[in-house]
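Down below is the structure, laid out as structure tokens.
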Amino acid sequence: MTPPADERLTGWRFLLFSVALAVGNVIALSNVPGYTVLVPYAAGSLQGVNPSFGTWATTDHMMGIVLGLPLARWFSGRFGDHRTYAVAFVAYALFSFACATSETIWFFVPMRFLLGLAGGIILPLGQALMLNEISEDRRVYGVAWWGVLSMAPFTLGVFMGGFWAEYVSWRMLFYSNILLGLPIAALVAALFYGRPNRRKILRFDTIGFILITVVLVGVQTILNQGNDFDWFGSPILGAVLIAVIVALPAFVVWELGERNPVLDIRLFRHRNYAVGVFCSIAGFLVIQGTLSVFVGQLQTLLGYTSSLAGVVYLTMAVFAAPFVSIIHLMVRHVDLRYFAMVNFIGFAVTLTWLGEYDKVASFDQITTPMLFFGFFLATFFAPPAAIAVQGLAGAKLIRAAEELAMLRTAFGAYGITSQAVVQFRRAPVHQLGMADHLGGREYPSLDVLGALTRKLQDLGLSEAVSNAQIARLMRQQALLLGLDDAFYFGALVFVFLSGIIWLARAPSRPARKPALADFEAEELME
């Protein structure tokens, strides 16, 4: 509910409030990309598990954010935006403490999920609180500022995570949530103390929420653990698959008959919504997966320190920060399909560029394409999202934007593991191909491995050590080529999307003045 003008925060109170919400938004978002650079450190501390196990904490955290979004809507209606926001940040601090003190992966991952659940409540409420305190003629600047903050996790978040891991401790990422989160909760509660709130109690779709939880978390569990536990050769993953197969059609049937569904499937009857959502979630699957897999491989495969890997990602802000603040204004004056197509083709070219490195690349070589990656990342979210909500208004517009944010975040989590699967599956193929090619199996006159083995033995290495060294080098090169295949896969997806976007109808330019619902929807889409 928008408060009267005389009740809004002004002066230094509004300044404090704005800073608190900005920091809170960055904290809640940065725990996804900020943790990805910590995975090798966290995996080593949590009983020395495989780094792929550490990735579970990223994907499950994102699933928590997805499921927190519908809870935010219900809690805010029942208890008010500012009360729910303050309590959610207190919960965020408590779960951060649990993550920081975890000793095993089996305790750490559930706490990360709960941390994401609190974050999923914080994010939309912070946006709503900000817009409610801004006058109508200045709300466009609030959206622009929030857009800039949305880029911070991919750039500043990764850098800070790498800094903490290398120079302090990976657990400091979570302790910083406590040091900043509790003061934010106290400040918001104090600033809004005594302000009345109009309660809007809606029936919560409990059955739908349970079913979508089974579907989303079940699919994520299969993707998380498939490589490590032989996919459906594992009885546990087989049982999870059966649960997903049963829950998915039950969820669709239930939601079609529900008056207040947790996910309004009926929105997909709108052609532009279906096309826009598909392009947005498929594109973000590639983007989030590529960024997460690449930052890990920079450390484990290319030998970068965590702080240097963070600097690589920080360079994306050079183009991303200025463009993301104005992109929502630019897209109002062009055919969004052209804008989206150019963005998708740009991503395809950039990913192909990154995939061309078939040897260990230097910092300068990698940062150049990452600059362009940042530009296309900043201009990615708005066009397909605006296409998706074209023709919708009021509460339906905000609901559509919220569901788009839910699905995009869920598929971003799927992208982290699916891109890792591409690399994992392609690496043995490349390794076998190199062994056949260089070992003289394809061309008997070309036996480079034999010559290299003899040269190493001449230097004093035993045959076993020589073979081990050659195998290690081939494995490294095969993983690098597998990473290239993940980039190429992403490039093909974006080429495909550049054609799919034209299935949408040409958007009409709205003649009316943007309402509060439009701004709230824009922030959710960012």
Side-chain angles (χ1 to χ4, degrees), residues 25-26 29-30 32-34 36-37 58 62 123 143-161 276 279-295 298 309-331 336 339-355 366-387 404-405 408-409 411-416 419 486-487 489-491 493-495 497-498 501 522-526:
N25 183 73
V26 172
L29 281 173
S30 294
V32 176
T36 56
V37 74
T58 301
M62 293 181 70
L123 290 171
V143 174
W145 172 237
W146 214 264
V148 174
L149 294 178
S150 69
M151 288 296 102
F154 298 101
T155 55
L156 182 62
V158 178
F159 172 75
M160 289 305 301
C279 291
S280 186
I281 65 177
F284 195 61
L285 180 147
V286 172
I287 293 170
Q288 183 68 63
T290 299
L291 290 175
S292 298
V293 171
F294 191 39
V295 74
L298 281 174
V311 173
V312 171
Y313 278 55
L314 190 61
T315 59
M316 292 196 301
V318 173
F319 289 157
F323 278 96
V324 75
S325 61
I326 60 175
I327 186 64
H328 64 283
L329 295 176
M330 296 171 60
V331 298
L336 296 171
F339 211 114
M341 184 190 70
V342 171
N343 178 270
F344 296 159
I345 294 298
F347 260 125
V349 172
T350 304
L351 289 170
T352 303
W353 187 355
L354 287 168
I366 291 177
T367 51
T368 304
M370 291 302 285
L371 285 171
F372 290 94
F373 199 107
F375 169 78
F376 292 116
L377 178 64
T379 56
F380 165 75
F381 296 99
I387 289 174
L404 172 59
R408 187 175 60 204
T409 304
F411 276 78
Y414 295 156
I416 295 174
Q419 288 289 70
F487 288 136
F489 168 75
V493 170
F494 274 111
V495 170
L497 293 180
S498 68
I501 197 66
E522 281 192 49
E523 289 197 340
L524 281 170
M525 292 186 291
E526 288 286 349

Closest non-hydrogen atom pair between [X] and [Y], with its separation:
| X | Y | answer |
| --- | --- | --- |
| L285 | Y414 | CD1-CB, 4.3 Å |
| L351 | A491 | CD1-N, 3.7 Å |
| M316 | M370 | CG-O, 3.2 Å |
| W353 | T368 | CH2-CG2, 3.5 Å |
| V495 | S498 | O-OG, 2.5 Å |
| R408 | S280 | CD-OG, 3.4 Å |

Among all residues two or more places apart in sequence or in another chain, which pass the side chain to side chain donor-acceptor pair (under 3.5 Å) test with T350? none
Derivation of the side chain to side chain contact (heavy atoms under 4.5 Å, CB included) call for F339 and T379: CA-CA 9 Å; F339 211 114; T379 56; 4.2 Å; yes
Can you name the one residue among F347, F411, F381 that meets ring-ring contact (aromatic ring centres under 6.0 Å, His included) with F284?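 Checked F347, F411, F381 against F284; only one passes ring-ring contact (aromatic ring centres under 6.0 Å, His included): F381.
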To the nearest 0.5 angstrom, please state how far the CZ atom of F489 sits from the OG1 atom of T290.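 Going from the CZ atom of F489 to the OG1 atom of T290 covers 9.0 Å.
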Using 0.5 Å steps for rounding, measure from the CG atom of L336 to the CG atom of N343. 12.0 Å
Could you tell me how the ring of F494 sits relative to the ring of F380: parallel (under 30°), tilted (30 to 60°) or perpendicular (over 60°)? perpendicular
Under 3.5 Å donor-acceptor, Q419 side chain and A486 backbone: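 Yes, because the side chain of Q419 sits within donor-acceptor range (under 3.5 Å) of the backbone of A486.
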